[in-house]
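Notes for the one structure printed next.
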Protein chains: 2
Amino acid sequence: MTAPDPVRILVCDDHIVVRAGLLALLDSAPGIEVVGEAGTGEEALALAAKLTPDVVLMDLQLGEGIDGVETTRRLTAAPGTTPHVLVLTTYDTDADITRAIEAGATGYLLKAERPEELFAAIHAAAQGRTALSGPVASRVMANMRSPRPSLTDRERDILAQLARGLGNREIARALFISEATVKTHLRRIYDKLGVDTRAGAVAVAKEQRLLP
Amino acid sequence: MTAPDPVRILVCDDHIVVRAGLLALLDSAPGIEVVGEAGTGEEALALAAKLTPDVVLMDLQLGEGIDGVETTRRLTAAPGTTPHVLVLTTYDTDADITRAIEAGATGYLLKAERPEELFAAIHAAAQGRTALSGPVASRVMANMRSPRPSLTDRERDILAQLARGLGNREIARALFISEATVKTHLRRIYDKLGVDTRAGAVAVAKEQRLLP
DNA sequence: GGGCGGGTCAGCCGATCGGATGACCCGCCC
DNA sequence: GGGCGGGTCATCCGATCGGCTGACCCGCCC
């Protein structure tokens with residue numbers, strides 16, 4: 001019998017140890033071939049264009065340069081045949097998951113995942129099928145049941161200044177708006193995040209990775 | 001010529017991918033033998049007692065159970081022959097480094113480190129010599145030049161309540177102290193963190209991983 | 001052409017915060 | 001036995017915040 005073509009993988013992670021781990025794990029997996037590895041988003045884009053992998057295993061946190069989300073966006077938005085991006089990262093934060101999916105990721109796995117799950121997810125991703133880690137899937141479902149209101153761009157602007165410890169007047173000046181407007185935005189931010197103080201808002205924002 | 005005894009390693013990391021990566025990397029390294037792997041701090045303690053490794057490669061972030069710092073503390077505080085703990089983690093935050101060293105870690109490496117550095121650090125650790133990643137060493141030096149005042153236990157208590165968005169009166173009640181005392185602590189926290197608002201304090205605290 | 005989400009602005013007011021200053025107690029170490 | 005760090009408490013006051021209510025504009029979509 002003829003073996004089917006293996007799934008061709010490009011690995012993108014800034015940690016050498018993790019890349020080595022993936023290479024070691026995937027080498028032993030049937031029907032999977034690692035064709036390249038990248039340590040930055042820029043490298044991944046260049047290699048993907050040259051190697052045309054079926055699937056890109058992508059970490060969201062990439063030390064320097066563009067991050068995993070942006071890399072994913074560019075990979076999936078490129079003209080011609082685009083790879084399926086399977087996000088493999090450490091955190092199962094709502095904001096991260098949402099941003100990755102919006103950027104065009106086909107799946108979202110956690111690094112703590114068992115190897116068999118990883119292999120299955122890769123094969124699923126190769127066919128364009130969605131694959132989510134257990135905890136991630138749960139979180140997505142929970143979000144659909146009680147949708148977390150997402151902050152608007154402007155609200156994130158306010159939040160960013162807030163996290164710098166600025167007062168309302170200072171935030172107003174920094175963003176060229178009136179203090180009244182700042183307070184209005186803050187009110188809505190409090191509502192959305194379920195808090196009622198600035199300190200609480202910053203805590204939740206950092207927790208949910210809503211800030212750079 | 002007789003080969004020297006290899007350095008016996010115990011790997012502790014909650015991410016299977018990372019453990020696989022370390023195993024793969026270390027397998028190819030001369031004079032290093034991985035004798036066991038653990039996914040939690042509890043496992044690491046049990047295995048270390050049984051296997052008496054020369055060096056424990058320890059991640060600081062360990063999903064469930066006790067964290068890497070506490071595991072390190074118990075490993076190095078145990079009676080009898082204790083392994084040298086070499087921390088291998090993702091972040092080079094001041095607080096993490098300090099806590100790890102205080103807990104008895106022999107070295108502190110980043111996962112992005114090159115394999116040769118890793119090997120060298122392991123051999124150094126086996127002999128009880130300190131090994132630090134470049135960025136970590138720089139940070140330690142910088143801290144010695146301009147020492148970052150560390151928060152006291154009580155100040156961390158206050159900070160934790162602050163991050164919950166509590167007001168001074170609520171913090172006072174939560175900790176069974178007077179509001180005046182809360183304000184005194186806050187004042188010192190602001191001074192130490194270099195901020196002058198509660199929102200700023202929470203932001204810095206989260207940034208520096210001073211809070212759980 | 002009306003509804004709606006997002007952004008902007010206003011005034012009012014009580015509650016809270018942040019700044020400054022000074023004080024007491026306790027455990028520890030030289 | 002004195003100094004010192006850490007924790008506790010107090011008073012005073014101006015500045016700021018948070019809650020409330022209401023409003024206008026614009027772009028978009030049905």
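Everything numeric in this text was worked out from a predicted model, so none of it was measured. Below, all heavy atoms of this structure are taken into account, side chains as well, without hydrogens, waters or symmetry copies. Order of the sequence lines sets the chain letters (A, B, ...), proteins ahead of strands, with each chain counted from 1.
In terms of the side-chain contact (heavy atoms from CB on, under 4.5 Å) criterion, residue partners of E102(A) (sequence neighbours excluded) are, by chain and number, T98(A). The side-chain contact (heavy atoms from CB on, under 4.5 Å) test applied to A126(A) returns V7(A), V55(A), not counting sequence neighbours.
Summarising the local packing, CD of E116(A) is surrounded by more than 12 heavy atoms from other residues, nucleotides or ligands at distances under 6.0 Å.
We find that K183(B) and E179(B) are not joined by a salt bridge, their nearest charged nitrogen and carboxylate oxygen being 4.0 Å or further apart. Salt bridge status for E170(A) with R173(A): absent, with no side-chain N to carboxylate O gap under 4.0 Å. Ionic pairing of D13(A) and K111(A) is present here: one or more N-O contacts between side-chain nitrogen and carboxylate oxygen are shorter than 4.0 angstrom. Between R156(A) and D153(A), at least one side-chain nitrogen of the basic residue sits less than 4.0 Å from a carboxylate oxygen of the acidic one, meeting the salt-bridge criterion.
A close approach under 4.0 Å does occur between a side-chain nitrogen or oxygen of S178(A) and OP1 or OP2 of dA10(C).
A donor N or O paired with an acceptor N or O is not found under 3.5 Å between the base of dC17(C) and the side-chain atoms of T197(B).
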Review item, nucleotides 4-7 of chain D N/O atoms under 3.5 Å of protein N/O:
{"residue": "dG7(D)", "atom": "OP1", "partner": "R154(B)", "partner atom": "N", "Å": "3.4"}
{"residue": "dG7(D)", "atom": "OP2", "partner": "T152(B)", "partner atom": "OG1", "Å": "2.5"}

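Between D54(B) and I9(B), every side-chain heavy-atom pair lies at or beyond the 4.5 Å cut-off. For the pair V56(B)/L86(B), no side-chain contact is recorded, criterion being any heavy-atom separation below 4.5 Å from C-beta on. Inter-residue side-chain proximity for L62(B) and C12(B) is flagged as met; some heavy-atom pair is nearer than 4.5 Å.
To the nearest angstrom, C1' of dG18(C) lies 9 Å from CZ of R198(B). Atom CG in L186(B) sits about 14 Å away from atom P in dC9(D), given to the nearest Å. Rounded to an integer number of Å, the gap from D196(A) CG to dC20(D) P is 11 Å. If you measure from atom NZ of K183(B) to atom C1' of dT21(C), you get 13 Å, rounded to the nearest angstrom. Rounding to whole angstrom units, CD1 of residue I158(A) and C1' of dG18(D) are separated by 15 Å.
R209(B) and A95(B) make their closest contact through O-CB, 4.2 Å (heavy atoms, listed as atom of the first residue, atom of the second, distance).
Of the candidates dG18(D), dT11(D), dC9(C), dG18(D) carries the atom nearest the Y190(A) side chain, counting heavy atoms from C-beta on.
Within residues 161-174 of chain A, the residues that have a heavy atom under 4.0 Å from DNA chain D are, in order of number, G167(A), N168(A), R169(A).
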Intra- and interstrand pairs of DNA chain D - dot-bracket, Watson-Crick/G-U under 3.5 Å, | marks other strand:
||||||||||||||||||||||||||||||
Going 5' to 3' through nucleotides 24-29 of chain C and flagging B where a protein heavy-atom sits under 4.0 Å of the base, S where only the sugar-phosphate is that close, and - otherwise, we get ------
